[in-house]
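Chain A is the first sequence line, chain B the second, and so forth, proteins listed ahead of strands; every chain is numbered from 1.
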Number of protein chains: 2
Amino acid sequence: MSTAREDLTGRARLRDAAIECFAAHGFDESLRAIAARAGVSAGLVRHHFGAKEALRAECDATVLARYRALKNESLNTSPQQLFAQFPSSRDGGILLVYILRSVREGGDAGKDFIDHMVAEALEFSRDAVERGILVPSRNEEARVRFLIQQSIGAMVVSFAMHPELPLDDFGAVMDRYYAEAMLPTLELYTEGLFTSREYLDEYLSFMAGTKNPPAGRAGENMTR
Amino acid sequence: MSTAREDLTGRARLRDAAIECFAAHGFDESLRAIAARAGVSAGLVRHHFGAKEALRAECDATVLARYRALKNESLNTSPQQLFAQFPSSRDGGILLVYILRSVREGGDAGKDFIDHMVAEALEFSRDAVERGILVPSRNEEARVRFLIQQSIGAMVVSFAMHPELPLDDFGAVMDRYYAEAMLPTLELYTEGLFTSREYLDEYLSFMAGTKNPPAGRAGENMTR
DNA sequence: TCGATCGCTATACATGCGAGTAGCGTCCTA
DNA sequence: TAGGACGCTACTCGCATGTATAGCGATCGA
């Protein structure tokens with residue numbers, strides 16, 4: 001990642017250019033545009049990868065690997081990123097934008113990203129509840145999946161409102177979003193939204209009356 | 001809407017077929033497929049609308065109009081739909097799926113839908129705060145926009161995980177999602193997530209130290 | 001020094017799309 | 001009943017894309 005672009009082999013340059021193009025313009029970006037960005041000819045894509053699908057697969061794998069690496073090296077669990085733990089560096093920015101686009105597009109790559117984050121967040125959440133930092137839930141897994149869907153979804157929607165993201169300075173775009181979402185997130189997570197418990201209690205007693213003992217599990221595996 | 005399909009003119013049949021196709025398969029659906037679904041030839045699209053873009057625009061306008069109508073006639077503000085107030089009928093289901101796809105795709109149509117919902121929710125929110133139902137926010141508009149982005153975004157992500165939505169029974173898909181999201185939503189809105197106020201207070205005192213008096217307004221107009 | 005492999009380019013298909021044109025039948029009207 | 005507008009279809013064109021093939025030139029080992 002920190003290697004100068006000129007030092008990379010054509011294959012790697014093509015892969016990195018594809019990641020940037022996909023992140024900035026979407027996965028429908030043409031092979032010719034990707035090749036132009038990499039400074040090579042279009043035919044080289046086929047030479048190295050055989051088909052566009054394979055190039056895409058390698059991009060997905062690379063992004064996931066880099067995301068995990070970047071996450072491990074800076075084990076930041078700052079409060080604002082509890083359920084959307086993302087690095088805000090320039091390198092991290094493009095990774096997140098790529099991931100958001102994958103989720104937005106649907107398909108297996110997006111599913112994998114989401115599942116990966118849910119698994120990570122579930123681990124963190126169980127621990128945080130045990131340490132008394134988070135309020136416990138009646139269905140921990142359903143809550144975590146829901147919170148991830150909300151957090152990622154809010155970013156997806158926010159970015160979808162913009163016609164095209166700038167090719168450079170992904171980090172700045174991220175910072176803008178964080179600044180916008182920080183206060184509402186902290187307010188909601190700290191003070192909630194309802195002033196009374198009646199809606200929740202009503203739902204709980206309603207569900208207790210059904211033959212569905214663990215409330216809220218209906219359709220739980222919907223996103224799998 | 002309740003008119004039998006055979007009674008409609010070709011133009012209306014094309015428009016309704018396009019709405020269904022767009023909702024089920026996305027906006028890249030070909031004119032030929034839409035025409036086939038409407039039971040007419042592909043050239044008729046051009047005859048009536050001139051170009052695909054115009055057909056799309058008419059679909060957008062129709063969906064928004066029907067959504068507003070359906071919303072007005074059933075002024076339901078049940079707690080679970082506070083910030084994603086949607087009808088769950090069959091007709092309402094396809095409208096919501098269409099809207100979700102518009103948002104997911106980005107562009108002006110999605111923006112309009114979001115802005116419309118934000119405006120509606122802001123009105124409701126101000127009133128609910130005044131009536132003591134909702135906890136007040138330090139920045140009401142930012143919170144509303146954020147909650148809408150979260151609510152819609154969660155649905156977008158959830159639906160994006162599915163390769164293709166069923167052409168029929170949009171309502172059932174909606175019900176599955178509600179069943180999945182209800183408990184976490186009520187828990188979060190009622191009990192919050194953090195056990196202590198320290199994260200929020202820390203952020204507030206930090207923002208008070210900057211020259212940015214109304215905390216959380218940075219990048220507020222990002223989604224416009 | 002030979003030659004073979006490798007990285008890469010240029011060019012040529014095949015396909016699917018939106019858009020455009022010509023013409024046929026039908027219904028409404030004068 | 002003749003005429004014309006309208007709804008609609010069949011066919012064609014240009015364009016962009018992914019895919020495929022042929023060939024060039026350099027590097028490296030025998």
Of all the nucleotides listed (C/dG18, D/dG7, D/dG18), which has the minimum atom distance to the side chain of A/Leu31?
-> D/dG18
Short side-chain to backbone donor-acceptor contact, B/Arg32 and B/Ala42, under 3.5 Å = no
Whether A/Arg145 side chain and A/Val118 backbone form a donor-acceptor pair below 3.5 Å = no
How long is the line joining CG of B/Asp28 and P of C/dC17, in whole Å?
-> 10 Å
Electrostatic pair A/Lys111:A/Asp115 at N-O distance under 4.0 angstrom | no
Whole-Å gap separating C1' (D/dG18) and CD (A/Glu53) | 12 Å
Comparing A/Val45 and B/Gly43 on DNA chain C - which has the more 5′ nearest nucleotide = A/Val45
Specify the separation, in whole Å, of atom CZ of A/Phe49 and atom C1' of C/dG7.
-> 13 Å
Ignoring backbone atoms, establish whether B/His48 has a side-chain N or O less than 4.0 Å from OP1 or OP2 of D/dG7.
-> no
Taking atom P of C/dC17 as reference, at what distance in whole Å does atom CZ of B/Phe27 sit?
-> 18 Å
Provide, to the nearest angstrom, the distance between the CD atom belonging to A/Glu29 and the P atom belonging to D/dT17.
-> 9 Å
Atom-pair distance (CG on A/Leu55; C1' on D/dT17), nearest Å | 15 Å
B/Arg46 side chain, from C-beta outward: closest of C/dT21, C/dG7, C/dC17 = C/dT21
Among C/dA10, C/dC17, C/dA12, find the nucleotide with the atom closest to the side chain of A/Arg32.
-> C/dA12
Taking atom C1' of D/dA20 as reference, at what distance in whole Å does atom NE2 of A/His47 sit?
-> 14 Å
B/Arg37 side chain to B/Cys21 main-chain N or O, any donor-acceptor pair under 3.5 Å?
-> no
Would a distance-only check, ignoring hydrogens and angles, find a side-chain to backbone donor-acceptor pair under 3.5 Å from B/Arg101 to B/Ala23?
-> yes
So which nucleotide from C/dC8, C/dC17, D/dG18 ends up closest to the side chain of A/Leu44?
-> C/dC8
Can you tell which of D/dT9, C/dA19, D/dT19 lies closest to the side chain of B/Ala51?
-> C/dA19
A/Lys52 NZ to D/dA16 P, in whole Å, measures 16 Å
